[in-house]
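Have a look at the structure below before the remarks.
Just so we're clear, the structure is a prediction, and the values are computed from it rather than from any experiment. The figures that follow rest on heavy atoms only: side chains count, while hydrogens, waters and symmetry mates do not. Each chain gets a letter, A, B and so on, in the order its sequence line appears, and its residues count up from 1.
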Amino acid sequence: MTDLKYHFSWDLLGDIELGRPNLGPTTRLEVYRLMQFTLRDVLEKQFGAAKADELFREAGYLAGKEFYAHMLGDIADFGDFAKKLQKVLKEMQIGILRIEKADLAEGKFVLTVSEDLDCSGLPEKDYEICVYDEGFIAALLESFSGQKFKVKEIDCWCTGDRTCRFKADAVRE
Amino acid sequence: MTVMQSEDNEIIINLLRDSIYARTLPPTLPEPLNSDPALRQFYNDIVELREFILAIAQGDFSRSPSTKGYLAGALKTLQAGLRHLTWQTKMIAQGDFSHRVDFLGEFSDAFNAMVVRLEASVQELNRANQELLHEIEERKKIEAALRKSEENYKLLSITDPLTELFNRRYFYELALTEFDRSSRHLRQVAIIIYDLDDFKNVNDSFGHIAGDMALKHIAALSGKEVRKIDVLARYGGEEFICLLPETGLQKAILVAERIRYAIESHPLQYQGRAISVTASFGVAAIEKNIDTSESYMSHIQRIIKQADEAMYQAKAGGKNRVFAAPPV
């Protein structure tokens, strides 16, 4: 699979200022979710729910890597990393990040995202839905620390919670 | 059947009421309601939520209830906010004052104002501390300069600027101390006085600069022949004096001889010429106890006079030699 038609690069996001001089860089959230959930619908039909989750998580991971490289850059201190991430996520209206626990030595983190781009306001289900975020957060933590992370959403709007809570544990070799 | 349903409803209503108002609830749903899986789950959720609420009220934010839904979600949101506030407070305690709270209404404003004030206070404290450290540093420098200046002044006041030996005044000061010590410990003390022979000829033949250099040369040579505890000083124009603590006459004569020989055998090298210089020595010593009925100064003056007389005898005897006064 090396010969991709759209091998991802940040350039694929385009020159928005040039391309949308009147409409600008933002769109309605419904459009984002429309694309995500129609895409998810097709993927689930084609490959099943588990595979669709896996694909979304992997896409989130790729996005997290690119996002860190282009929006955050090298940061040495976790406090600075958390602050910058909070700021960027809020400015880009992705969500409101809060850190609940950060044990750098043990590689254990608990963080929450309120007003999440993917799920806040969705109908309630019996399962957590933010698998894309799981991959995204894993890539951010990995990019910051150099360690692999396993991220699991433990509370989600879709399971009746008002905020999404993620548990991240470093993967020890 | 209708009666049973009515009884069940009453139990359920009481249960719902108790779940809000009662101080305690039974750990499990009473039978026969416990047999209903949906009702049992609902009851377990209520019990878990009550425990979760109490834990939060008591400051324990560690619980992770499995209950889902609106009520649990709202409580978890509060828990998430308080956990984040805890983390932020830890960061602030570590000196990161950039954190702000934005999810706890009026408390957020008060907390943020406190952080701003705290940061300003810490900055002010740091600034004051820096100023204080700077001031301490400046004072240390001034004190060091003063000490150095004092040392220089003291050195100037006790030394002869040409030869850098002690001057006559300071020699007497040290001699008084040494005589006091010798008296208390019943120890001997000796004096050597020496005067350069025909020194006027050096000045007349080679100039005063050569004369000054000769004095410095003699001082340096003498310094090498005495101990650290000996007090060597320039006594007058071309006259030197040395006090030797804990030294008897014979040993003092040997020291004088060593100095004499050093001077004789090391002519001054001046403008490519060797200028021979010699000196005549007089030695005197107190071999027995110092008579405490006299002042130490009288003792010093007397022994110096004896050494001086011996030195003149050395001059009269042909110069470049050592003469000793009879032991006292």
Side-chain angles (χ1 to χ4, degrees), chain A residues 75-91 93 95-106 108-116 119-130 133 152-169, chain B residues 37-38 41-42 44-46 48-49 51-53 55-56 59-105 107-108 111-112 115-116 118-119 122:
Chain A
I75 306 170
D77 177 69
F78 180 78
D80 294 338
F81 165 70
K83 267 185 296 181
K84 190 163 184 188
L85 184 58
Q86 273 180 318
K87 186 170 179 282
V88 174
L89 293 182
K90 194 169 182 179
E91 279 173 1
Q93 297 172 297
I96 298 168
L97 172 74
R98 292 187 182 117
I99 308 295
E100 288 192 6
K101 177 185 167 185
D103 187 339
L104 288 140
E106 289 293 316
K108 292 184 181 301
F109 299 86
V110 178
L111 49 96
T112 62
V113 181
S114 300
E115 302 186 31
D116 183 62
C119 74
S120 291
L122 257 58
E124 290 189 16
K125 306 281 185 188
D126 289 334
Y127 43 85
E128 292 82 14
I129 199 170
C130 303
D133 286 359
K152 180 79 184 84
E153 187 182 29
I154 51 177
D155 289 316
C156 179
W157 178 283
C158 289
T159 56
D161 291 300
R162 299 297 95 177
T163 184
C164 297
R165 178 179 275 138
F166 297 90
K167 187 168 174 288
D169 294 317
Chain B
Q41 180 62 52
F42 179 70
N44 289 342
D45 286 348
I46 286 174
E48 188 182 47
L49 277 179
E51 288 172 354
F52 184 44
I53 291 167
I56 288 177
D60 175 7
F61 309 137
S62 65
R63 293 189 179 224
S64 301
S66 58
T67 310
K68 305 290 183 187
Y70 179 79
L71 193 55
L75 287 169
K76 284 182 192 175
T77 301
L78 173 64
Q79 181 198 39
L82 293 172
R83 278 179 171 180
H84 182 59
L85 178 64
T86 305
W87 179 76
Q88 284 185 302
T89 308
K90 285 179 184 171
M91 293 294 103
I92 291 165
Q94 288 171 18
D96 182 355
F97 297 106
S98 64
H99 288 271
R100 298 289 181 270
V101 179
D102 59 1
F103 52 90
L104 282 172
F107 175 84
S108 297
F111 186 90
N112 294 340
V115 175
V116 170
L118 189 64
E119 184 178 18
V122 169

Under 4.5 Å to a heavy atom of chain B? For Thr112(A) that would be side chain
The interface call for Arg98(A) against chain B, heavy-atom contacts under 4.5 Å, is both
Applying a strict 4.5 Å limit to non-hydrogen atoms, the region of Thr86(B) in contact with chain A is neither
Around Glu48(B), counting heavy atoms of other residues, nucleotides and ligands shown, do more than 12 lie under 6.0 Å from its CD?
-> yes
Over 12 foreign heavy atoms within 6.0 Å of NZ, Lys167(A)
no
Open item on the list: Looking at Lys68(B) and Asp45(B), is any side-chain nitrogen of the basic one under 4.0 Å from a carboxylate oxygen of the acidic one?
Closed with: no
The interface call for Ile154(A) against chain B, heavy-atom contacts under 4.5 Å, is backbone
Heavy-atom closest pair (Ile129(A) atom, Cys158(A) atom, distance to 0.1 Å) is CG2-SG, 3.6 Å
Turns out that what part of Gln94(B) lies under 4.5 Å from chain A's heavy atoms comes down to neither
- Query: Would you find more than 12 non-hydrogen atoms of other residues, nucleotides or ligands less than 6.0 Å from Phe103(B) atom CZ?
  - Reply: yes
